[in-house]
Amino acid sequence: MQTLRRLNLHPGWWLVLPFLLVVMGMFLGPILNILWLSVTLPEPGLDNYAALFESEPLRRMLWTTLRICLITTVMSVILGYSIAYAMMHASGANRNWMISLLLVTFWISVLVRTFSWLMLLGRNGPVNNALMGAGLVSEPVEFMRNELGVLIGMVHYMIPYAVLPILASMQNIDNRVIAASRNLGAGGAQTFWRIYLPLTRPGIVAGAILVFILSLGFFVTPAILGGGRVLMVAEYISVQVLITLRWGTAAMLAVLLLGGVLALMFILSRLIPLSQVFGGARR
Amino acid sequence: MHDRQFMKETLFAGAQAFKAGRMDRRSFLILCGMAGFASQAVLAGKAEAAADQVIMWNWGGQSEVCHGSAIGEPFTAATGIGVGFDTSGPLQGKIREMVDSGAVTADVCDGDLFDAVALGQTGHLEPIDYTIVRADRTVDGYALEHGIAVILYGYAFVYDTEVYGDNPPNSWADFFDTERFPGRRSLYRWANGAIEAALIADGVPRDQLYPLDLPRAMARIAAIKDDTIYWSSGSEAHSMVVNGEVSMGMVWQNRGRSMEEDTDGRYKLVMNEAFAYPGGYIVPRGNPAGRENAMRFIATAQEVGPQLAIFQCLGMTPANPEAFDQVPEADQAYAISSAVNIDNVIFNDPTWWGNNIDEAVNLYLETIS
């Protein structure tokens, strides 16, 4: 016990320790295994990583992934911000309705949403039929089965993930600050850009991180709405694991994905304290 | 290893006691827990399989019902062994992972015959026992060391009669000709069939098709890329046609009939130059019900009765030549191996695909995306 006190370790840790070790083992073990596979399959060495520099198709696939994830993130955050802002300024009853509707979308499976978009915006869907019926277009607009379709499907799925953290940070704002700004002579726009927006920055960053990371793992939507022509990294990994059995390539990409996400978190933690981003203590 | 073997035997004995009613469910599950098996694996596979069952690993949907009635019932009647299903789809990577992990929970996989080539070479499969399974009850060349073709499925195409009514397409050359036959097409996303179709369209003689000339095929596929979308499941191929997204679509032949029916005959199936792919039954190494039971299951599936029943239920064509001419007259147009079609179809080479699937699929994906 003397040593314990000197370590300044709360005895509660000893209760948690076994579980902590199990979780660490269960979690770190497979991750280390993936890392190991990426430098040992098909033969020991860094060949899998060298392919990143040598293979043009691999780089193109990664670029497609990055591009789609970035656009999805920006669009989701902008739309999510507007929705959160509207919620903040809606009356109590309306706000409750809006939050319920937002949460209901979490219960709808991604497959159902994907196929709904396909029905709605497809070549013979109601939107295209209406546009053609009204004489606005002569050919059906190609909303689906291309990169635009992927973006529509992904942004739609991601918006709630952007709304919730932004809403939380908006609720944390002390309204007297806004009043003070107006009182000191700033107009509505100036108050928004210089006071409101900076104060909601932790929410924006949290929403953006959440959306970006979830987008990286997106799989079903790109495959279906992209008409098979949009290949993103998550699906590529699954193909290499399940069909072509190039597990070394798959492991390398998984490590790359994990490293990329960790690096992103690290950079952000330099820019803005992560404790602020992920809620918790109001400073 | 010895511990593992001991636990396996303990579990096996426990499973039989449980089945015979000598042990209650709770004790059995506790035993499983002590043996270190996660409850899901226990319920889904290992112990259940040990309890006198053959687990068939297939693709879900209709196939669970169809395989159950077509193969499972006669098999159980003949042997007293039950049949269970895992419907998660036996992709090569999953079979390999299952065997490598030592927790094999399936006995017979409804795979592709090229899987038998690829996984057989790496030691992940039990060899077929040709004293139980009959090598003459399949198409010539489709009785391999680690797998045998039990059914045939095909890559054919359907076309929209309202678009091409007067001058219907009848070959892969027509399918790949976007000038004479304008309109959007669909191809399979994982390369099978699509590569062969591109080469036949490009004028490769059918008897010189294999080994596939990949660069030549990719050039042909890239040429119609702007007019093509790609499906990765049978239901997706179906909806692309039924929703009118494509004017011509490569489809699995067994789906062609329901597409004709669902569009009231607006889309028509073309079986000329269809590619016959052997659906291979393969057995993961160390399967829980034992190699012999798995072989007996495969042998049952080869019999004429089950062969015709699978055709009626799933549309997959019999691979056993004894069943070829027993396909009812009205269904012959939809069967690969019926007299009206067999001379016009092109048989797949599973060995080429087994050895080259990684390169072919990756090259194809790079070309189309």
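Lettering follows sequence order; numbering is per chain, from 1. Side chains included, hydrogens not; waters and symmetry mates left out as well; all remaining heavy atoms used.
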Point to revise | Minimum side-chain heavy-atom gap B:L125-B:V283 below 4.5 Å | key: no
Review point. Given a strict heavy-atom distance threshold of 4.5 Å, which part of A:I224 is in contact with chain B: side chain, backbone, both, or neither?
Key: both
Check your understanding: Is there a donor-acceptor pair under 3.5 Å between the side chain of A:E235 and the backbone N or O of A:V220?
Key -> no
Review point. Is A:E56 atom CD crowded by more than 12 heavy atoms from other residues, nucleotides or ligands, each under 6.0 Å away?
Key: yes
Point to revise | Leading residue by heavy atom contact count with chain B [cutoff under 4.5 Å; candidates A:L58, A:L118, A:L231] | key: A:L231
Check your understanding: Relative to chain A, which segment of B:W231 carries a heavy atom at a distance below 4.5 Å: side chain, backbone, both, or neither?
Key -> neither
Point to revise | For chain A, the option from B:L365, B:N362, B:T228 that forms the most heavy-atom pairs under 4.5 Å | key: B:N362
Check your understanding: In terms of heavy-atom contacts, does CZ of A:F19 have more than 12 from other residues, nucleotides or ligands at under 6.0 Å?
Key -> no
Practice item. Answer with yes or no whether the side chains of A:S76 and A:Y157 bring together a donor and an acceptor at under 3.5 Å. Key: no
Review point. Where does A:M61 contact chain B at under 4.5 Å (heavy atoms): side chain, backbone, both or neither?
Key: neither
Check your understanding: Above 12 or not: heavy atoms from other molecules or residues under 6.0 Å from CE of B:M259?
Key -> yes
Practice item. Pick one of side chain, backbone, both or neither for A:E147, based on which atoms fall under 4.5 Å of a heavy atom in chain B. Key: neither
Practice item. Among the options A:A223, A:G228, A:S238, A:G122, pick out the one with the most heavy-atom pairs lying under 4.5 Å from chain B. Key: A:G228
Point to revise | Sole residue of B:R185, B:R266, B:R184 in salt bridge (Lys or Arg N to Asp or Glu O under 4.0 Å) with B:D160 | key: B:R266
Exercise for review: Inspect the surroundings of NZ in B:K94 and state if more than 12 heavy atoms from other residues, nucleotides or ligands are less than 6.0 Å away.
Suggested key: yes
Check your understanding: Under a 4.5 Å heavy-atom cutoff, which of B:E366, B:E359, B:M240, B:K225 has the most pairs with chain A?
Key -> B:E366
**Study point:** Region of A:Q240 that comes under 4.5 Å of a non-hydrogen atom in chain B
**Key:** side chain
Practice item. For chain A, find which of B:E97, B:R96, B:E236 contributes the most heavy-atom pairs closer than 4.5 angstrom. Key: B:R96
**Study point:** B:L119 versus chain A, the contacting section by heavy-atom distance below 4.5 Å
**Key:** side chain
